[in-house]
Amino acid sequence: MSTTRPYPPGDRGPEPSGASGVSGGGAPTASAPEEGVTAPSGPPAPTGGDRVRRLSFDDQSGVVPLARDFTRQALYAWGWLPAATADQRAAAEDILLVVSELVTNACLHAEGPDQLAITRNNKVIRIEVTDRGAGQPAPRTPHRAGRPGGHGMFIVQRLCLDWGVVRDPGVAGKTVWADLGAPA
């Protein structure tokens with residue numbers, strides 16, 4: 001199960017056998033995957049057969065369950081669900097949990113999320129949540145497991161290969177991104 005980083009931050013680990021950067025996907029939908037889209041700046045988004053799905057939260061309510069459902073549909077379309085093994089199921093649950101935490105943080109500490117983007121290749125899935133908030137997300141230190149609240153970024157830090165924040169000069173808000181290992 002992926003409850004801690006399998007590799008040091010920024011290291012994506014060994015290339016899976018047979019990884020050619022090409023993977024199958026589902027049929028295009030209203031939020032059809034876009035080819036070749038990368039992150040705005042910072043560490044590059046996963047490359048090599050990327051698929052991107054975007055969800056706009058304009059005038060939406062119930063954004064956390066909406067984001068989880070959107071992500072779950074992407075995982076089904078990409079063939080990562082239903083999971084064949086316990087490890088694959090755990091990896092998919094980690095992805096859903098990180099989406100929930102990032103969208104919840106945008107709701108609690110910013111003016112709500114504007115957009116969710118999910119980028120994947122054979123090795124890494126990147127989750128990006130864009131909001132209009134000025135704050136800087138960070139794990140609460142010291143982390144106190146028995147205390148209510150404040151666990152979101154600690155969870156993200158523990159589950160992800162790497163994460164960070166991108167700000168575009170002159171534009172209000174930020175994009176919080178997190179990279180997780182793709183279900184193997």
Q.
Would you say Leu108 ends up clustered with Leu102 if hydrophobic residues are merged whenever their side chains have heavy atoms under 4.5 Å apart, either directly or through other cluster members?
A. no
Q: Could you pull out the closest heavy-atom pair between Phe57 and Val103, with the gap in Å?
A: CZ-CG2, 4.4 Å
Q) So how far is it from Leu116 CG to Arg54 CZ, rounded to the nearest 0.5 Å? A) 9.5 Å
Q: Show your working on side chain to side chain contact (heavy atoms under 4.5 Å, CB included) between Ile155 and Arg158 and close with a plain yes or no.
A: CA-CA 5 Å; Ile155 291 169; Arg158 295 287 298 201; 5.8 Å; no
Tabulate below the donor-acceptor pairs under 3.5 Å that side-chain atoms of residues 62-75 make, not counting sequence neighbours, or state none.
| residue | atom | partner | partner atom | Å |
| --- | --- | --- | --- | --- |
| Arg68 | NH1 | Leu96 | O | 3.1 |
| Arg68 | NH1 | Ser100 | OG | 2.9 |
| Asp69 | OD1 | Arg72 | NH1 | 3.1 |
| Thr71 | OG1 | Ala67 | O | 2.8 |

Q. Looking at CD1 of Ile127 and CH2 of Trp163, how far apart are the two atoms once the value is rounded to the nearest 0.5 Å?
A. 13.5 Å
Q | Atom of Leu180, atom of Leu161 and distance for their closest heavy-atom approach | A | C-CD1, 3.9 Å
(Q) Just verifying a value: how many Å separate Asp94 CG and Arg89 CZ, rounded to the nearest 0.5 Å? (A) 12.5 Å
Distance-only donor-acceptor pairs under 3.5 Å for side chains of residues 129-137, two or more places apart:
| residue | atom | partner | partner atom | Å |
| --- | --- | --- | --- | --- |
| Thr130 | OG1 | Thr175 | OG1 | 3.0 |
| Asp131 | OD1 | Gly133 | N | 2.8 |
| Asp131 | OD1 | Lys174 | NZ | 2.9 |
| Asp131 | OD2 | Lys174 | NZ | 3.3 |
| Arg132 | NE | Asp114 | OD1 | 3.3 |
| Arg132 | NE | Asp114 | OD2 | 3.4 |
| Arg132 | NH2 | Asp114 | OD1 | 2.7 |
| Gln136 | OE1 | Arg167 | NH2 | 3.3 |

Q: Please report the shortest heavy-atom distance between Glu101 and Gly152, naming the atom on each side.
A: OE1-CA, 3.1 Å
(Q) Quick check for you: to the nearest 0.5 Å, what is the distance between Trp78 atom CH2 and Asn122 atom CG? (A) 12.0 Å
